[in-house]
Amino acid sequence: MTDTAPARKKLFLLDAFALIYRAHFAFSKNPRINSKGMNTGAVLGFTNTLVEVLQKEKPTHIGVAFDAAKKTFRHEQFAEYKAQRQAMPEDIGTAIPYIKKIIQAFNIPILMVDGFEADDVIGTLAQRAEEHGFEEVYMMTPDKDYCQLVTEKVKIYRPAFMGNSAEVLDLDHVLQRFEIDRVEQVTDILGLQGDASDNIPGIPGIGEKTAKALIKQYGSVENLIANVDQLKGKQQENVRNFAEQGLLSKELATIHVNVPIPFEPEELCCSVPDEEKLTALFDELEFRQLAARVLKTGPVRTSATPISPAKGKKSLIPTGAGHQASLFAAPVGITEFIEEDEDTGPIVRRTLADVAHQYHLVDTPALRKELLKFLLQQKEVSFDTETTGLDTMTARLVGLSFCWLPGEAYYVPVPHDDDAAAQALVDEFRPFLEHEGILKIGQNIKYDLTILKHYGIRIGGPVFDTMLAHYLLEPDMRHNMDVLAETYLHYTPISIIELIGPKGKKQKTMADIPPAEVADYACEDADVTLQLKHVFEPKLEALGLLKLLNEVENPLVPVLADVEYEGVRIDSSAMGEYSAQLQGYITDIEKQIFAEAGQEFNIGSPKQLGEVLFDKLQLGGGKIKKTKTGQYATGEEVLSALAPEAPVAALILEHRQLTKLRSTYVEALPQLVCSLDGRVHTSFNQAVTATGRLSSTNPNLQNIPIRTEKGREIRKAFVPRDADHILVAADYSQIELRIMADFSQDATMIEAFRQGIDIHSSTASKVFKVPLSEVDSEMRRKAKTVNFGIIYGISAFGLAQRLGIGRKEAVDIIEAYFQEFPAVKQFMDASINKARELEYAETLLGRRRYLRDINSRNATLRGFTERNAINAPIQGTAADIIKIAMIRIHDWLDKEKLGTRMILQVHDELVFDAPKEEVDLIIPRIQELMINALPLSVPMEVEVGTGQNWLQAH
DNA sequence: TGGGTCACG
DNA sequence: ACGTACGTGACCCAC
C-alpha cells in the first residue's frame, strides 16, 4: 500500500456512522460477544469492510468521515431534524472509540468538521478531488442521499453486505433509478417524499412513486409549487398547504459541498498500517480470524494426546470409585477458565490451545473396553459422530467422540474402509448407545441417530439436543455450534475448514485426516456440546421452557429420525410419463404464446416477458405496475387482471403453472430417489421456523401440489412401499380456528365447533346475518377468507385484496365479524397488549416468539409485529399439538411392534405407510391420539383416509 | 447471489 | 400517515 507512483489516483471516502450502523445491525441475529461481554459486531463489521476495500480496491487515497458531535446547521434550519431518531444503541457507543483507534492504526485520517455531517464533508472532498484530477472517487456508504453527488468520476461504493457483493453506483445508475435527468434532482425527490429515519417531513401523501412522477413532469419542487394549479384534488391541496415544508425538506436533504475543510491529498495518501497497534487492538477485541487475515499470523494448537498402550499398564482414562467428581484431581475445562478470568483479570482463554483439556485417542481394544466401562457408569454423556459426509444415506462413520466431564473427552476412530470392522466396532459400544438409562446429549443429534441407524443402532434413553435447546431460547437466531460456543462459552472451536480444507473439487473428508488430528476436533465438539447443555438448561428452566424441550422437542428427535429414515416411495415411472405429458402441454402453449406475441422469447424470464407484454404488445392500458427494482411486474395478480383483455396473459399463467410442476416436482423428485431403497428421504428441520413448525427440505415434501387438477396428479406418484401396504393420511380439521376458539373463549365460535357445524358456513351465517340454510357458496367463500384473515391478524386492505372487493366492503365485513365474535376481537387486542409488555408471544406450552419491534415507532414494522403477536401463538400451538401426537403415535406403534410407519408430516397432517391388515387397528388409535394430544375447550376433529397413493388417501 | 414467482399449510 | 394478511422452500433468470 506504499505510494509507488500510482498511475491513477483513486480516493475512497467512508461514511463512518452509516457503515457502523449497518455493521451493527448485520450482527443482530448473531451477536458477537467477546469474553469481556462486549458486543463487538459493529467494530468487526466496520473493520472487515475497511480491510476488504483496502485489499480488493487498493485505493491510493482514503479518509473516513464522522458526523460532528454537536448539532449541525440542519438542526438550526429545522428543530425536529433527526429528532425522532432513537438514541444511539449502547453497543455502538462503546464501539466508536475502538473503531477510531483502528482507523488510526491503519494510518487513515479521520475527517470531522464542527457543524457538518459526514455527507457534507465527503461531498466537499469528493468535489475537490475531482477538481484536483482524481480519476476515481468513491463515496463508501449504504445511504441513498449521496446519489445527488454522483458525477462521471465520483461514484457510490456500497460495500459487500450480508452476502451481497459490493456494488458501484455510477451516474447512469442514479439517473435511471430516480428516473431523472440531473443528479441534483435527487434532492427534489427526497424533499417531496421525505425521509422517516431523518425525520424529514416531505409533503403528505407523496411517496416514492408520486415523487418520481411529479419531478419527471415538473423538474423541481420549486417548479411544482409554481404550477400547483395543474394538480388535482387532494394532491393540489397538500402541495399548496405544505409548499414551505417541501422546500425545507429539499433543503434538509441537500448535501452541502462548501464545508470549510482544506483538501490535502498528501494527508489522504494510503500508507502502511501500524501492525503493533493493530495487533494489540485485535487482541483486546479478540478478532482472531481478522488478525490472521490482516497480520498474516495464524493460531497454533496442540494435538490430542495419543494413548499408547505400550507405555505401560497405567490407563489414561482416570480410574476411580465411579463417582464423577472423584475422577479428576482438578476440574478442567472452558467454563472454569472463564470464571477465573473474571477474578484474575485480562487473561483470556479462547481456543483449544488456551484451555486445559484432556482429549484422548481411544484406538485399541483394551482402551475401548475401558472407555465403555466408564460410559456405562454415567447418567449423561454427550457424543458426536464423525463421518465421510453430510448426506446421511451415503455417509460412513469415521469416529465417535464422548464426553461426560467438561474438558475431558475421548475419540474412538472407526475403520471406515472396512464395513465389517466398522460394524464390529460400533457393536462394541452398543451397550452404551442402546442403554435406556443414560441421557445422550448432542448438537443436532438427529444426524448422529440417523448415521447410527445404518449400523443397526437404535439409540436408547432420552436425548438432549443443544441445537433445539437454543432454538427454544432464541427461535429466530441461528443455532450453529461454533456460534453457540462463541456466544455462550466465549470459546472458538476448531473450524471444520481448518481441518478438512475449504469446499472444492477434491474436498477432503474426515476419512482423509489422521485420527490423531480428528480426535481434537471430535473431542472438542462433544466437550463443547456438554458444556452448552449445562449453560442452556438453567436458562430454559428460568424461562419455563425446559418442559417443552424435554417433553416435546427432544422426544421428537428420534421420531423424526425414523420418519426421515423410512422415506417415501415414489413411482418414478409414473413421474416420467407425466413429465412427457406436461412437456406436450408446455410446447403447445409456448407456440400459442409466441404466435400471440409475434416473436419467440424466454417466457421464464420476467424481464423479457415484461418487455414483450408491455413494450411490444402495449398491454395494461397505461397503468403498469413495476417491481421495486424497476422492472415490469408480471406476477400472478398482474397477469390475472390482464387475462380478460389479453388471452396471452392466461396462456402465460398456464405456462408458469406447468413449468413449475415440471421443474420443481416431476423432474426433481425422481432425482432424489435413493438408489438403495427407491424412496425419497426428506430432512425435517426442527429449528428453523419462528413459530415452532417443522420445515422440510431436500426435497420439500410439505409443498407437494394439491390445489389444482394438474398439480394434484403428482400426488398419485406417492405410493406405499409395496402391494401389501397402503397409505393412511390423517389430518386435523380447522386446528388453528379451534385454537382461536379456545384462546378467545368466544361463545359463538365454541358453540359452532361443539355442534360440529361447518365453521365457514357458520361464520357466513353470522357475518351476513342469514340463517345457516341460506348461506350460499359465495358467502361461504368470503367467510372462509375472513376466517383465515382472523388467524393472520386481519386488515381491511388485506381482506379486500384477497376477496377482490372494495375496502369499504371489507371494513363492513370485519366490523360485522367482530360484532358477532366480540371475544375474538378482545383476544386479538389482549394478545397485542400482552406482547407489548413482554416483547414476546407464547404458545399454550410456553414456546416463545420474540417480538422486539412490537413497540416500534415505525408503523409498518409495528403492524407486522402485531399480526405476529396474534398469529404466532395460534400457529405455534398447532405445531405443539401435532408434535405431541407424533411422539405418542410413534411410541405406540413401537410398543405394539406394528409394521405401520409414519412417513410424512405436513403441519396439520400425518401420513403413514401401513400393512393393509393393520389399517383397521391403527386408524381409530391414530385418531384418538391426535385428538387428545392436547385437549382444548372445543373438540378436535381428525379426518382419516386410505389409498393406493397420497391423492386417494385424502 | 437475490429477486420474482409460486408450491404448500 | 403508512403499507398491509401468517409460516415455509425451490426453481429460474439476471446480475
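Naming convention: chains lettered A, B, ... in sequence-line order (proteins, then strands); numbering from 1 in each chain. Computed from a predicted structure; not experimentally measured.
The salt bridge (Lys or Arg N to Asp or Glu O under 4.0 Å) test applied to A:Asp829 returns A:Lys825, not counting sequence neighbours. When the side-chain hydrogen bond (donor to acceptor under 3.5 Å, both in side chains) test is applied to A:Thr865, no partner is found at least two apart in sequence or on another chain. For A:Phe797, the ring-ring contact (aromatic ring centres under 6.0 Å, His included) test picks out no residue, with sequence neighbours left out. Residues that satisfy the ring-ring contact (aromatic ring centres under 6.0 Å, His included) test with A:Tyr665, not counting sequence neighbours, are absent from this structure. The ring-ring contact (aromatic ring centres under 6.0 Å, His included) test applied to A:Tyr792 returns no partner, not counting sequence neighbours. With sequence neighbours excluded, the residues satisfying side-chain contact (heavy atoms from CB on, under 4.5 Å) with A:Ile156 are A:Met139, A:Thr141, A:Tyr146, A:Cys147, A:Val150, A:Arg158, A:Leu169. With sequence neighbours excluded, no residue satisfies ring-ring contact (aromatic ring centres under 6.0 Å, His included) with A:Tyr578.
Nucleic acid contact for A:Asn703: base, since at least one base atom lies under 4.0 Å from a heavy atom of the residue. Across all strands, A:Ala690 comes closer than 4.0 Å only to sugar-phosphate atoms, never to a base (heavy-atom distances). Among the heavy atoms of the strands lying under 4.0 Å from A:Gly635 are primed sugar atoms or P, OP1, OP2 only; no base atom is included. Residue contacts shown for A:Thr865 are absent, as no nucleic acid heavy atom lies under 4.0 Å away. Among the heavy atoms of the strands, none lies under 4.0 Å from A:Asn858. Residue-level contact check: A:Gly789 touches the bases, meaning some heavy atom is under 4.0 Å from a base atom. Contacts of A:Ile794 with the nucleic acid, taken as non-hydrogen atoms under 4.0 Å apart, include base atoms. Across all strands, A:Glu909 comes closer than 4.0 Å to no nucleic acid atom at all (heavy-atom distances). The residue A:Gln801 sits apart from the nucleic acid: no heavy atom pair falls under 4.0 Å. As judged by a 4.0 angstrom heavy-atom cut-off over every strand, A:Ile706 is placed among residues touching the sugar-phosphate backbone only.
When the nearest nucleotides of DNA chain C are assigned to A:Ile206 and A:Ser605 by heavy-atom distance, the more 5′-ward of the two goes with A:Ile206. Mapping A:Asn238 and A:Phe864 onto DNA chain C via the closest heavy atom, the residue that lands nearer the 5' end is A:Asn238.
Atom C1' of nucleotide B:dC8 and atom CD1 of A:Ile704 are separated by 9 Å, given to the nearest angstrom.
Across residues 656-668 of chain A, A:Lys660, A:Ser663, A:Thr664, A:Ala668 each have a non-hydrogen atom less than 4.0 Å from an atom of DNA chain C (numbered order).
Residues A:Phe614 and A:Lys625 are not in side-chain contact: their nearest non-hydrogen atoms beyond the backbone lie 4.5 Å or more apart.
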Please report, to 0.1 Å, the donor-acceptor pairs under 3.5 Å made by any side chain of residues 808-817 of chain A, with sequence neighbours excluded.
| from | atom 1 | to | atom 2 | distance (Å) |
| --- | --- | --- | --- | --- |
| A:Lys808 | NZ | A:Asp812 | OD1 | 3.1 |
| A:Lys808 | NZ | A:Asp812 | OD2 | 3.1 |
| A:Glu809 | OE2 | A:Lys782 | NZ | 3.3 |

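Under 3.5 Å, the side chains of A:Ser249 and A:Gln245 contain no donor-acceptor pair of N or O atoms.
Between C:dG3 and B:dA7, the distance separating the two P atoms is 28 Å to the nearest Å. Separating the C1' atom of B:dC6 from that of C:dC2 is a span of 28 Å, rounded to the nearest Å.
Between chain A and DNA chain C, the heavy-atom contact criterion of under 4.0 Å yields a 5' to 3' nucleotide range of C:dA1 to C:dC15.
Annotation: salt bridge (Lys or Arg N to Asp or Glu O under 4.0 Å) contacts involving residues 783-796 of chain A, sequence neighbours excluded, are absent.
Stems are defined here as 3 or more consecutive Watson-Crick or G-U wobble pairs with pairing distances under 3.5 Å; those involving DNA chain C are B:1-9 with C:6-14.
Put simply, the residue from A:Leu845, A:Leu844, A:Ile735 that forms a side chain to side chain contact (heavy atoms under 4.5 Å, CB included) with A:Thr877 is A:Leu844.
Look at A:Arg693 and you won't find any side-chain N or O under 4.0 angstrom from OP1 or OP2 of B:dG9.
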